[in-house]
Amino acid sequence: MSRFIHFVDDQQRDAEVTFSSLNPKPKIRLVLPNGKDPINLRVIKGSAETSADFLCDRLVGPLKSKDDSAELMREIELADYLIKGDPEVDMELHGKYITDSARVYVNPEFKPVFHLKQNELIYNAQRELVEERSPKVVLANISESDMVRWSGRMTPKSELAQKVLFTKKYQVKHINGLTFSFLYDLAKSLDENQALMPVGTGAKGNHPLVMSDGGKPYRAFLEGRVRGKSYCLLMHLTDQELKAPIEKQS
Amino acid sequence: MRTAEFHFGGKNWEAGFSKLEREDVYGWAEVESFDGNGNPCKLATLVDGRHVLPSGSTSLIKLDSSGKSVSTSELVGMNAEGKKVPKEPSVYSGPVHLREGDLDDYLAMGVKSVYVLESEEESPFESDLANGKVLQFRFNYREDYESDDAFLIGNGTHNFIVTGQIADLEYLSQHQMESPVEDEPQTDEEDDLMDFSMF
């Protein structure tokens with residue numbers, strides 16, 4: 001299904017249009033020396049039962065003290081078991097190709113856990129813990145009853161390019177003749193001014209966009225280009241200013 | 001720090017660069033998970049509904065048509081016309097010739113990586129970059145078959161290399177519209193937007 005975005009312009013006219021990701025594909029592909037494509041497969045090379053921690057517990061016994069030398073002695077003892085009997089190799093499983101798999105949470109005994117308690121830890125750029133909280137559920141806010149508002153403000157392209165890093169890009173597309181005019185006119189105005197226009201959500205249009213449920217919030221800017229009667233309207237997303245880390249700034 | 005030699009307008013500048021991660025500027029968030037008894041939990045892969053594979057238990061392999069394993073170093077680069085291409089050099093292997101870039105190309109680039117430039121010498125390109133110019137070149141951190149588009153850009157206090165691939169933009173006319181019911185394949189980029197912490 002196409003994905004929709006619901007825009008409202010600075011004259012309070014709204015329209016739902018589509019968008020697609022601008023994600024350039026590699027121009028060079030890697031092939032075998034005979035020019036044929038290689039077959040890519042995912043293969044198993046270990047499992048919970050052959051992991052070092054599990055084998056240590058099973059063959060050597062639980063860790064008796066938390067001191068580093070006790071852990072080292074346990075691993076040296078495990079090395080003897082590995083040399084003598086290859087317990088780290090599961091002949092039935094290792095080397096098997098994986099075609100289908102699922103992601104699960106496991107406890108320290110590698111048993112799947114289905115009811116989790118989660119805690120979100122927030123660190124600052126100095127790597128200090130600044131907050132602990134329950135994880136927030138973030139929902140998409142760009143379509144249906146949510147609206148993305150055009151601010152009407154024009155910011156020169158070169159000024160913004162030196163300030164923020166546009167990490168994601170989408171192309172906004174019309175779905176009928178009316179939305180063609182809606183988007184073409186905006187693209188033309190942005191092109192003539194060589195400017196980008198901030199867009200946002202919320203009543204004042206100053207909140208960030210969340211493109212999909214569980215996604216990250218981004219600030220967004222529209223850029224328009226026109227060639228005759230055709231247009232290209234880009235939506236740039238950013239969550240980062242163009243600036244050096246704090247230690248490099250000082 | 002390892003340095004590269006940049007040339008532009010008859011001037012040259014030796015500078016090192018290090019990757020810029022968002023977390024180095026703003027910090028980051030991580031989610032800890034616990035079972036009902038308060039034991040820490042980790043994500044693992046479940047295969048055949050019974051084999052639990054901790055992180056690092058699988059790897060990707062490449063096979064030829066006879067099923068023989070092939071290492072990545074044996075593979076060669078091929079372009080869209082089906083012709084083999086030579087490897088392109090690393091930025092460290094010789095002088096990097098910069099040219100004045102187009103801001104529209106910079107804005108049309110899908111960003112892959114950002115690096116902060118560092119040098120004991122002052123950049124001779126400072127006045128150009130301060131005026132909003134972007135300097136373009138081809139970038140390969142290591143010698144490889146495909147290099148990236150790259151731009152040198154400044155913010156007034158630091159200079160950055162932004163790398164990626166410039167997109168071929170499609171200009172749309174009135175009758176060239178997107179069908180609202182057309183299927184669009186899910187891209188990796190969209191997958192990246194999923195945050196596992198929500199589960």
Side-chain angles (χ1 to χ4, degrees), chain A residues 2 18 21-24 26 28-33 38-48 51 98 101-108 110 113 116-125 135 137 157-158 162 167 173-175 180 211-212 214-215 223 227 229-230 232 240 242 244-245 248, chain B residues 22 24-36 39 41-47 51-54 57-64 70 75-79 85 103 107 110-111 116 132 145-146 155 158 165 167 169 171-174 177-178 180 182 184 187 189 193-195 197-198:
Chain A
S2 294
T18 65
S21 168
L22 267 188
N23 195 11
I28 306 292
R29 64 181 215 277
L30 290 175
V31 296
L32 297 165
I39 302 158
N40 293 304
L41 289 169
R42 185 169 286 279
V43 67
I44 299 175
K45 62 174 186 178
S47 65
S51 68
I98 304 174
S101 64
R103 298 284 278 164
V104 288
Y105 277 96
V106 293
N107 65 15
F110 298 108
V113 176
L116 287 168
K117 287 178 188 164
Q118 292 193 312
N119 196 24
E120 192 172 23
L121 307 175
I122 313 294
Y123 293 89
N124 65 15
V137 177
K157 283 182 184 179
S158 58
Q162 289 182 301
T167 45
K173 302 173 177 183
H174 63 281
I175 53 169
F180 170 81
M211 303 298 286
S212 55
E223 182 201 352
R227 273 187 199 159
K229 294 285 180 196
S230 311
C232 177
Q240 188 173 350
L242 190 64
K248 290 194 171 65
Chain B
R22 189 183 182 280
D24 298 330
V25 180
Y26 301 101
W28 73 98
E30 63 185 38
V31 175
E32 288 180 326
S33 302
F34 302 92
D35 66 10
N39 296 311
C41 297
K42 288 181 181 168
L43 267 172
T45 304
L46 185 67
V47 175
H51 300 297
V52 174
L53 311 180
S57 299
T58 65
S59 61
L60 280 171
I61 58 164
K62 296 177 190 304
L63 304 178
D64 65 15
V70 183
L75 302 178
V76 294
M78 184 177 272
N79 64 18
V85 294
L103 191 59
L107 290 172
V111 174
V116 192
Y145 289 105
E146 183 166 23
N155 69 354
H158 287 87
Q165 295 278 339
L169 301 179
Y171 283 74
L172 303 172
S173 60
Q174 183 172 347
M177 68 188 79
E178 190 80 357
E182 189 188 351
E184 187 188 40
T187 64
E189 187 185 347
L193 291 175
M194 292 295 289
D195 181 355
S197 64
M198 73 173 287

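Order of the sequence lines sets the chain letters (A, B, ...), proteins ahead of strands, with each chain counted from 1.
Interatomic distance, Ser101(A) OG to Leu46(B) CG, rounded to the nearest 0.5 Å: 8.5 Å. Taking CZ from Phe110(A) and NZ from Lys42(B), the interatomic distance works out to 7.0 Å, rounded to the nearest 0.5 Å. Taking CE of Met78(B) as the reference point, atom CG of Leu30(A) lies at 10.5 Å (rounded to 0.5 Å). If you take CG on Asp35(B) and OH on Tyr105(A), they are separated by 13.0 Å, rounding to the nearest 0.5 Å. Once rounded to the nearest 0.5 Å, the distance linking CG of Leu107(B) with CD of Glu223(A) reads 4.5 Å.
If you measure heavy-atom distances from Val76(B) to chain A, the contacts under 4.5 Å come from both the backbone and the side chain. Heavy atoms of Val52(B) lying under 4.5 Å from chain A belong to its backbone as well as its side chain. Contact annotation for Lys157(A): both backbone and side-chain heavy atoms come within less than 4.5 Å of a heavy atom of chain B. Val113(A) touches chain B through its side chain: at least one heavy atom from C-beta onward sits under 4.5 Å away, while N, CA, C and O do not. For Gln240(A), the parts lying near chain B are the backbone and the side chain together; criterion is any non-hydrogen pair under 4.5 Å. Only the side chain of Ile98(A) comes within less than 4.5 Å of a heavy atom in chain B; its backbone stays farther off.
Contact between Ile28(A) and Gly77(B) at its shortest, heavy atoms only, is CG2-CA, 3.8 Å. When all heavy atoms of Val116(B) and Pro245(A) are compared, the closest pair comes out as CG2-CD, 4.1 Å. Tyr171(B) and Arg227(A) make their closest contact through CE1-CZ, 3.5 Å (heavy atoms, listed as atom of the first residue, atom of the second, distance). For the residue pair Lys117(A) and Gly36(B), the shortest heavy atom distance occurs at NZ-O, 3.9 Å.
A distance-only check finds a donor-acceptor pair linking the side chain of His174(A) to the backbone of Ser173(B) [under 3.5 Å]. At least one donor-acceptor pair under 3.5 Å links the side chain of Asn155(B) to the backbone N or O of Leu242(A).
Residue with the most contacts toward chain B among Leu32(A), Asn124(A), Val106(A): Val106(A) (heavy-atom pairs, distance under 4.5 Å). Here Ala102(A) is the residue among Pro26(A), Ala102(A), Pro33(A) with the most heavy-atom pairs under 4.5 Å with chain B.
In summary, the side chains of Arg42(A) and Ser59(B) do not present any donor paired with an acceptor at a separation below 3.5 Å, with no hydrogens or angles considered.
The residue from Asn40(A), Leu41(A), Val43(A) that alone fulfils the side-chain contact (heavy atoms from CB on, under 4.5 Å) condition with Leu63(B) is Leu41(A).
With a 4.5 Å cut-off on side-chain heavy atoms, Ser47(A) and Leu53(B) count as touching.
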